[in-house]
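Below is one structure, written out as structure tokens, with a few remarks after it.
Letters go in sequence order (proteins before strands), and every chain restarts at 1. Note that the structure is a prediction, hence the values are computed from the model and not measured. FYI, side chains are in, hydrogens and waters are out, and symmetry mates aren't considered; it's all heavy atoms of this structure.
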Protein chains: 2
Amino acid sequence: MVRNKNDQQPEGNPNQKGSLNREAIAAQALHLADTEGIDAVSFRRLAQEFEVTAMAIYRYVDNKDDLLDAMTESMLASFDVSAQQETDWRDQVRGLIYALRQLLLTHPSGRSLLSRRALPSTNRLRIFEASLGILRDAGFEPQEAFLIFEHILNQVVSLVVTGDGYVKGAEEERRLWGAKLLAFYGSLPKQEYPRLVETAPNIAASVDMDHHFKFGADLLMAGVEAFAASKPPRKL
Amino acid sequence: MVRNKNDQQPEGNPNQKGSLNREAIAAQALHLADTEGIDAVSFRRLAQEFEVTAMAIYRYVDNKDDLLDAMTESMLASFDVSAQQETDWRDQVRGLIYALRQLLLTHPSGRSLLSRRALPSTNRLRIFEASLGILRDAGFEPQEAFLIFEHILNQVVSLVVTGDGYVKGAEEERRLWGAKLLAFYGSLPKQEYPRLVETAPNIAASVDMDHHFKFGADLLMAGVEAFAASKPPRKL
DNA sequence: ACCTGAACACCGTTCAAGT
DNA sequence: ACCTGAACACCGTTCAAGT
């Protein structure tokens with residue numbers, strides 16, 4: 001290992017000129033997706049970032065699908081599964097939920113990446129296995145455990161931010177969208193849409209808000225626990 | 001009304017040559033998305049379908065975003081809100097869940113269309129209002145009602161089919177994907193991924209299966225009811 | 001009012017060629 | 001082994017022009 005990881009990176013970009021490889025490409029693509037949106041990720045744009053031709057990237061990545069796979073792996077490398085070490089399964093599940101939330105806050109492109117139909121690679125398998133383990137040890141059958149895991153994944157993703165296309169650090173954009181939602185729902189005709197007018201502030205607040213997430217996580221846990229309670233008592 | 005709706009439609013396409021308008025464009029685009037995938041929807045392709053230039057479509061549709069809005073409206077026109085007429089709120093919510101499922105089975109592109117960040121048009125407002133009404137009348141506060149509605153929407157969408165990119169009538173494709181999932185998860189190293197190997201059949205079965213949906217819908221309802229029960233008793 | 005043609009700035013991907 | 005250049009078949013969108 002002669003090369004130092006930190007030699008001349010222009011303004012914090014994770015690319016080192018001249019060192020083209022799969023990991024670096026995936027990391028750069030992920031960074032691009034998180035800061036400029038998933039649509040900004042293209043072979044031509046990526047090539048430009050590495051000061052190379054678009055075709056050069058095909059040496060390390062089969063096609064666009066494979067690139068998205070690599071990005072997903074790169075993202076999930078930082079996923080924290082330490083929640084496994086809790087003693088109560090409820091705390092383990094809660095830990096998973098909040099770890100996933102943290103991941104999605106750090107990587108807004110996570111929503112797009114995680115909802116692709118693709119065979120998982122090692123990092124994703126690791127998380128999947130750990131999650132199923134927690135739920136199986138809690139007393140759920142395999143099918144139940146799988147379904148509950150899916151349930152949680154989808155719900156957390158939708159709770160962290162409603163709608164696609166958000167980008168890292170776009171606080172201003174979110175605020176504006178929230179204001180737009182409030183104005184829109186708040187000014188609907190009250191006779192035709194009484195419930196929507198009434199709920200306008202809550203809809204607008206859903207744009208971000210920690211309270212919104214906590215509320216949703218509680219609802220989610222209530223469902224899982226209720227399901228557990230409705231089963232013949234084994235452990236719970 | 002001189003023109004008959006049914007004069008010479010080539011092989012069941014909902015376009016009548018020479019009658020370009022917003023509704024017809026939206027319907028055709030939706031049909032295209034449902035049968036060939038959302039990516040098949042382009043101005044050039046759509047224009048070809050109507051035997052016209054791509055630019056002609058811009059007379060009726062502002063841009064691609066507006067086109068997707070119009071498609072969403074076209075899709076939601078067929079949404080059945082008759083579940084409102086049930087007497088028990090649990091049946092009302094169940095009715096909504098199954099109506100949404102029916103919509104998504106008919107329109108596989110629904111997943112993509114419904115998860116866009118956009119201001120809703122009349123059909124979507126109608127459904128939103130009706131759903132909030134059901135939940136408010138059941139005794140939930142505005143914020144709770146909104147969150148539960150979101151919860152249900154996301155969960156049903158993810159239950160009808162896991163992963164994006166499916167298309168109408170692609171039963172064969174789904175079957176193949178299920179087989180691929182089974183082979184993949186079933187042949188993972190047992191020592192490293194015991195839970196995944198064990199759960200492989202359930203993961204594969206999630207590709208479709210009515211049982212899978214019923215199971216998920218029950219879990220969903222269990223959560224909503226548990227949340228209702230945890231509140232100070234007003235109606236429930 | 002409604003449609004066309006040409007153009008601009010993009011895509012993913014293939015293939016033959018360079019070093 | 002690794003990268004380039006040119007090409008193909010696509011995109012959304014703008015603008016000036018036709019009838």
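In DNA chain C, the stems built from three or more successive Watson-Crick or G-U pairs (distances below 3.5 Å) are C:4-8 with D:12-16, C:12-16 with D:4-8.
Remark: the A:T122 side chain and the A:E73 side chain contain an N/O donor-acceptor pair separated by less than 3.5 Å.
Among the nucleotides C:dT14, D:dT14, D:dC3, the one closest to the side chain of A:V52 is D:dC3. Comparing D:dC2, C:dG12, D:dT13 by their nearest atom to the side chain of B:F43 picks out D:dT13. Out of D:dC3, D:dT13, C:dT13, the shortest distance to the side chain of A:L20 is found at D:dC3. In the set D:dC3, C:dC3, D:dT4, the nucleotide with an atom closest to the side chain of A:R59 is D:dC3. Among C:dT4, D:dC2, C:dT13, the nucleotide with an atom closest to any side-chain atom of A:Y60 is D:dC2. If you check C:dT4, D:dC2, C:dC8 against the side chain of B:R44, the one that comes closest is C:dC8. Relative to the side chain of B:R45, the nucleotides D:dC11, D:dC3, C:dT13 differ in distance, and D:dC11 lies closest.
In this structure, B:D62 atom CG and D:dT14 atom C1' are separated by 14 Å, rounded to whole Å. One can place CG of B:L46 at 16 Å from P of D:dC10, the figure rounded to the nearest angstrom. A:K64 places its NZ atom 14 Å from the P atom of C:dT14, with the value rounded to the nearest Å. Rounded to an integer number of Å, the gap from CD of B:Q48 to P of C:dT4 is 13 Å. Rounded to whole Å, atom P of C:dT14 lies 15 Å from atom CD1 of A:I57.
The nearest pair of heavy atoms linking B:V157 to B:R111 is CG1-CG, 3.4 Å.
In summary, the aromatic rings of B:H151 and A:H151 are positioned with their centroids under 6.0 Å apart. Taking the six-membered ring for Trp and the full ring otherwise, A:F215 and B:F146 have centroids separated by 6.0 Å or more.
With sequence neighbours left out, A:E192 forms a salt bridge (charged side-chain N to carboxylate O under 4.0 Å, His left out) with no residue at all. With sequence neighbours left out, A:D62 forms a salt bridge (charged side-chain N to carboxylate O under 4.0 Å, His left out) with no residue at all.
The shortest distance between the side-chain N/O atoms of A:T53 and the OP1/OP2 oxygens of D:dC3 is not below 4.0 Å. Contact check, A:Y58 against C:dG12: no side-chain N or O comes under 4.0 Å of OP1 or OP2.
Taking atom C1' in both C:dC11 and D:dA7, one finds a spacing of 14 Å when rounded to whole Å. D:dC3 and C:dA16: their C1' atoms are spaced 13 Å apart (whole Å).
Residue-level contact check: A:V41 touches the backbone only, with heavy atoms under 4.0 Å from sugar-phosphate atoms and none from bases.
The residue among B:A56 and A:M55 whose nearest nucleotide of DNA chain C is located toward the 5' end is B:A56.
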| request: Could you check A:R22 against A:D66 for side-chain contact (heavy atoms from CB on, under 4.5 Å), going step by step and ending with a plain yes or no? | output: CA-CA 10 Å; A:R22 189 172 228 264; A:D66 191 38; 2.4 Å; yes
